[in-house]
2 protein chains.
Amino acid sequence: MVVEGFLCSYKMLPDGERQILSFHVPGEIPDLQSLFLEKMDHALTTIAPSTIAFIPHEAVNVLLEQHFRIARILWREMLIDAAISREWIVNTGSRDAYARISHLLCELFYKLQAVGLTKGTSFNCPITQTEVADATGLSTVHVNRSVQELRGNRLIEWERGTCTILDLQALEDAAMFDLDYLHLASAGAA
Amino acid sequence: MVVEGFLCSYKMLPDGERQILSFHVPGEIPDLQSLFLEKMDHALTTIAPSTIAFIPHEAVNVLLEQHFRIARILWREMLIDAAISREWIVNTGSRDAYARISHLLCELFYKLQAVGLTKGTSFNCPITQTEVADATGLSTVHVNRSVQELRGNRLIEWERGTCTILDLQALEDAAMFDLDYLHLASAGAA
DNA sequence: CGAGGTGTTGACGATGCTCAAGGGGAGTGG
DNA sequence: CCACTCCCCTTGAGCATCGTCAACACCTCG
């Protein structure tokens with residue numbers, strides 16, 4: 001479980017490409033699926049100094065069998081992860097560079113807001129442009145140009161690890177962002 | 001639950017783009033997640049004449065609470081769906097058109113093989129090129145040209161709803177395909 | 001026989017990639 | 001305290017992959 005910091009999960013392809021699959025913020029349990037899938041099919045790394053808590057499988061398994069309410073909560077969390085993955089398919093498959101990056105920023109903002117890690121529309125964002133490129137399937141050069149365009153349009157400010165959304169509505173419009181997929185309604189469970 | 005036929009789940013964007021998120025073959029339960037997520041975040045449709053079985057939520061919920069072994073099995077199935085979604089992110093994000101289509105065909109082949117719906121390396125594939133385009137984030141024109149290239153290289157034959165893989169190893173190489181993510185090992189549960 | 005969906009082809013254009021180079025900030029070691 | 005280095009960001013030029021538009025052939029079905 002991420003206590004503090006920032007993680008991401010990713011896959012490497014034989015040709016050396018890295019595809020980032022998700023970012024993990026405090027409160028999330030990135031590797032819950034290893035409870036049920038024997039073989040891990042992706043890797044996990046920190047992208048900022050982080051504090052991680054390790055929870056033994058056995059402890060969780062006992063909990064799950066004895067308290068189905070807890071199983072429901074964890075199960076739901078995993079399904080939300082899956083919903084986010086689906087939205088990432090949409091992102092890389094159907095949006096252009098400008099919208100993809102906008103979408104990623106909207107997602108990060110709402111995820112961080114849900115755990116109280118935003119100040120107004122600002123948040124600590126230690127992600128590099130290279131990482132954005134690997135997450136969105138773009139080149140770093142093109143990410144850089146798109147980010148500058150977002151800045152030029154006064155949608156965001158983003159320097160030295162701090163990102164400020166200047167016009168959230170406009171950013172969501174550019175991203176064709178629809179909050180539903182994050183299923184935040186009763187996510188207080190996290 | 002899909003008894004017979006072919007389904008797909010998809011999302012529509014405000015600009016009219018359709019992104020297909022997954023294909024569902026017989027034996028799969030496409031909408032299991034609605035057990036735990038109040039709001040459906042994508043749509044579901046048939047892409048061939050199909051037979052569907054509907055299972056009431058209540059019936060499943062009772063089963064889950066009383067038999068944790070069954071919960072484990074269904075939970076695992078959902079996690080495999082999530083693993084497939086992650087691989088689709090890789091597909092749309094990091095592979096070129098030729099590899100993307102190859103990868104989709106490899107996936108379909110192995111999924112169908114697992115439920116005994118292949119004959120050698122042939123399988124019934126009612127998917128149109130337009131649907132492949134919507135699944136891979138490509139245009140139909142480009143899909144068509146890439147499919148012709150696959151045919152020209154003698155990797156596949158694909159006509160009138162029947163696809164035959166002529167050289168599975170070559171197709172997997174072209175796709176940078178790694179079977180692990182399907183977690184077929186003990187998927188006999190389906 | 002007509003209509004609509006699917007596959008196919010050509011020409012042109014645009015989005016995004018590659019290669020290459022340089023600038024600035026932060027940490028390290030002398 | 002200053003040089004040095006490394007990582008990250010930035011910029012320009014040329015190019016490739018892939019998209020758009022438009023037209024046509026084929027098959028199936030009513």
Side-chain angles (χ1 to χ4, degrees), chain A residues 6 8 13 15-20 45-49 91-105 124-152 156-164 174-176, chain B residues 6 8 13 15-20 45-49 91-105 124-152 156-164 174-176:
Chain A
F6 243 94
C8 75
L13 287 180
D15 65 357
E17 284 288 301
R18 176 177 71 160
Q19 177 68 47
I20 291 181
T45 185
T46 58
I47 58 176
N91 212 31
T92 49
S94 298
R95 285 189 258 255
D96 65 15
Y98 188 80
R100 273 185 229 184
I101 296 168
S102 303
H103 196 276
L104 179 60
L105 291 173
N124 183 29
C125 184
I127 301 173
T128 67
Q129 292 185 1
T130 304
E131 284 152 357
V132 173
D134 287 347
T136 54
L138 298 165
S139 68
T140 61
V141 172
H142 203 63
V143 166
N144 181 270
R145 294 192 165 119
S146 302
V147 167
Q148 287 181 56
E149 208 182 330
L150 283 167
R151 288 202 272 245
I156 63 165
E157 277 172 356
W158 187 2
E159 278 172 284
R160 294 173 212 204
T162 299
C163 180
T164 303
M176 296 184 282
Chain B
F6 243 93
C8 77
L13 287 179
D15 65 358
E17 282 289 300
R18 176 176 72 159
Q19 177 68 47
I20 292 180
T45 184
T46 58
I47 57 175
N91 212 30
T92 49
S94 298
R95 285 189 258 255
D96 65 16
Y98 188 81
R100 272 184 229 185
I101 296 168
S102 303
H103 195 277
L104 179 59
L105 291 174
N124 182 29
C125 184
I127 301 173
T128 66
Q129 292 186 0
T130 303
E131 284 152 358
V132 173
D134 287 346
T136 53
L138 298 165
S139 68
T140 62
V141 172
H142 203 64
V143 166
N144 181 271
R145 294 194 164 117
S146 301
V147 167
Q148 286 181 56
E149 208 182 330
L150 284 167
R151 288 201 271 245
I156 63 165
E157 276 171 357
W158 187 4
E159 278 172 282
R160 293 176 213 198
T162 299
C163 181
T164 303
M176 295 184 281

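Numbered from 1 within each chain, the chains take letters A, B, ... in sequence-line order. No hydrogens, no waters, no symmetry mates; every other heavy atom, side chains included, goes into these values.
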> Just how large is the angle between the end axes of the helix from C/dC1-D/dG30 to C/dG30-D/dC1, five pairs per end, to 10 degrees?
Replying inline: 40°

> Given B/Trp158 and B/Thr164, is the side chain to side chain contact (heavy atoms under 4.5 Å, CB included) satisfied, shown in steps?
Replying inline: CA-CA 6 Å; B/Trp158 187 4; B/Thr164 303; over 6 Å; no

> Do any N or O atoms from the side chain of A/Thr46 and from the backbone of A/Pro49 form a donor-acceptor pair under 3.5 angstrom?
Replying inline: no

> With a non-hydrogen cut-off below 4.0 angstrom, is A/Ser139 in contact with a base, only sugar-phosphate, or nothing?
Replying inline: base

>> Could you check whether any side-chain heavy atom of B/Asn124 comes within less than 4.5 Å of a side-chain heavy atom of B/Phe6, counting everything from C-beta outward?
In response: no

>> I need the minimum non-hydrogen distance between B/Gln19 and A/Ser94, along with the two atoms involved.
In response: OE1-OG, 2.7 Å

>> On a heavy-atom basis, which atom in A/Arg100 and which in A/Thr136 lie closest, and how many Å separate them?
In response: NH1-O, 2.7 Å

> So which one's nearest nucleotide on DNA chain C is more toward 5', B/Arg145 or B/Gln129?
Replying inline: B/Gln129

> Between B/Ala135 and B/Thr92, which heavy-atom pair has the shortest distance, and what is it?
Replying inline: O-CG2, 4.1 Å

>> Categorize A/Gly137 for me: base, sugar-phosphate, or nothing, with a 4.0 angstrom heavy-atom threshold over every strand shown.
In response: sugar-phosphate

> Would B/Leu13 and A/Arg95 count as a side chain to side chain contact (heavy atoms under 4.5 Å, CB included) if you check the C-alpha gap in whole Å, the side-chain angles of each, and the deciding distance to 0.1 Å?
Replying inline: CA-CA 9 Å; B/Leu13 287 179; A/Arg95 285 189 258 255; 3.6 Å; yes

> On DNA chain D, which is the earliest and which the latest nucleotide, 5' to 3', with an atom closer than 4.0 Å to a heavy atom of chain A?
Replying inline: D/dC8 to D/dA13

>> I want to confirm an ordering. Mapping A/Arg95 and B/Trp158 to their closest nucleotides on DNA chain C, which one lands closer to the 5' end?
In response: B/Trp158

>> Over all strands shown, is A/Val147 touching base, sugar-phosphate only, or nothing at heavy-atom distances under 4.0 angstrom?
In response: nothing

>> Any heavy-atom pair between the side chains of B/Thr140 and B/Gln129 that's under 4.5 Å?
In response: no

>> Contact between B/Thr162 and B/Cys125 at the side-chain level, heavy atoms closer than 4.5 Å - yes or no?
In response: no

> Which atom pair, heavy atoms only, marks the closest approach of A/Tyr98 to A/Ala174?
Replying inline: CE2-CB, 3.8 Å

>> Within the structure provided, determine whether A/Arg18 and A/Ile20 are in side-chain contact (heavy-atom separation under 4.5 Å).
In response: yes

> Mind checking which nucleotides bracket the chain A contacts on DNA chain C, 5' to 3', with an atom under 4.0 Å from a heavy atom?
Replying inline: C/dG16 to C/dC19

